[in-house]
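Note sheet for the following structure.
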Amino acid sequence: MTEKLKTLMHEQAEAVQFEAPNLDAMIRTGDRTLRRRRSVALVGGVAAAAVALVAGGALLPGGDRPDGQGAESTASPAPVTWVTGSTLHVGADRSVDLGPAVRSYVRTAEGYVLADHDGTVWSWQDGRAREVGRVDRRSPHLVSDDETGLASWIDTSAPSPRVVVLDQQDGTSTDFAVDEAAVPAHLVTIDDGAVYLFDGRGLVSVRLSTGGVTAVTASPQLGSRVIDVEDGTFASVTGTGSVVGAEPGDGVPLEGAYGQVGTLSPGGRYFSSEGDEQAVFDTATGARVTLDLDQRFATGYEWLDESTLAVLAADRPATGATAQLLTCTVPDGACSVVEDDLGSFAELEGHFALPTGEYAG
Amino acid sequence: MTGRDRADFAEFVAARSPALQRAAYLMVGDVSLAQDLVQEALTKTYVAWPRLRDKGSADAYTRKAITTTAISWFRRRSWNGERATGTTPDTPVPGHADRVADSDELWRALESLPPRQRAAIVLRYYEDLSEAQTAEAMGCAVGTVKSQVAAGLAKLRDRLGDEPGLLPAPELVVTR
């Protein structure tokens, strides 16, 4: 049987003249992506090394050559980082003074973007902090795409709030208006060249190359439930728990995940739900991935690559026990300690930050 | 990437782009958006090229990138500025008006489908992929493909009627 459906689809498609794809642009962009991916593994090490050289070489990491070429590897996950005061720690044995005391910060493929206690936003690259904008100092929320140089925040200092997007690769920034008529605007993430923003229009994505705005969810209520987006995969919270799938508010249910905060791995294969107990899920099946952790409090807060999760943990934090930072790999669940004595949560309060773009309190 | 890799990739782009653009166009219904989709998907393929062992896997990789990105981009049909026009392209098919009218009506019916149903139907009945290949391209389970195709065809049938030969018969919507 000859189906008209098939015939007509062929006729429709063949009636259109397409421009040939731009091969040069593909190769240029692709090469840049490959270079960025390689630099992700180095971003902490090379940046710290650059400052260390300025400071006299005392902080040169072992194994890294001063020319920055020794440690280049596509296999290494990004380093675990944290900030106390104005000091950025890169792994257990490297640190650098960023300048401003940090209230929140994020990592990109090119460096770090941070907000200080006055609400000033700084771009930190190559050993220097450069003032790049303003954010609400009470809620200094930042987002980034750690595969590119993009970071974003909402500037509330102007009469009308605007989303600012900085590209650390070339130092340029763009901005656009938000719709705060009904609800306060909130940045969800940057993914695949688009900023995901929740505002009076619901959840919208703004494609940075064109400025084109797409309504991602039909209703503002549904938009408010989206937690994270990676490669077209949405993590959302519903009335019965968290779900991950190709549609906001729909997909594979993650049993035992209820929180409003969580993070998808770079390809969307895994989801870490932030809460008091570690909860990592394989998003294809919904199966929980068990991490080899003994601590009573543990939360995975940042994916260092597709299969490596940075975890903040503590045993009985309410009793003043010291906190640790670890890396755990999935799906095997093996964990190793990066920093075993951060101090107690009470000691860290007010001057501690992880690269989540949020004020840790 | 080596010069040889780049040459192989360029050959792949030249050979496969027209077919990929046509499939992308059927998925999103807009020429410039389809071109952007293919450009972006081929860039991803270029990045992955060294680990793609043959053209078959490169084709599948690119198709998956197009499909998942199309579903993501076109999740909601309320584009502002980038919205497809919804108009039917010129259809220089010789023949009578009924045929053109069929084509227009089918196009509008396809456009009315949710993105995942539309992608599943394009992959199954335009690309002639098996359910397993379609599932791979959509990044979902075979069961999801079955349900998306069945739902899509039911909607097309509701809109276009049960004219014999227009749509695959329900009994033919089976695993292969």
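Reminder, nothing fancy here: chain letters follow the sequence lines and each chain counts from 1.
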Item checked: Residue Leu26(B) versus chain A: region with a heavy atom under 4.5 Å -> side chain
Name the atoms and distances for all side-chain donor-acceptor pairs under 3.5 Å in residues 17-24 of chain B, with sequence neighbours left out.
| unit_1 | atom_1 | unit_2 | atom_2 | d |
| --- | --- | --- | --- | --- |
| Ser17(B) | OG | Val13(B) | O | 2.5 |
| Gln21(B) | NE2 | Glu19(A) | O | 2.9 |
| Arg22(B) | NE | Tyr126(B) | OH | 3.4 |

Check: Does any donor atom in the side chain of Thr45(B) or Thr62(B) lie under 3.5 Å from an acceptor atom in the other side chain?
Finding: yes
Notebook entry, point to check: With sequence neighbours left out, what residues match Asp175(A) under salt bridge (charged side-chain N to carboxylate O under 4.0 Å, His left out)?
Noted result: Arg162(A)
Next item on the list: Side chain from CB out, backbone as N, CA, C, O: work out which of these in Ala25(A) comes under 4.5 Å of a heavy atom of chain B, or both, or neither.
Entry: both
Margin query: We want to know whether Ser144(A) and Asp146(A) form a side-chain donor-acceptor pair, criterion being a heavy-atom distance below 3.5 angstrom.
Written below: no
Check: Can you say whether Gln17(A) sits under 4.5 Å from chain B via the side chain, the backbone, both, or neither, judging by heavy atoms?
Finding: backbone
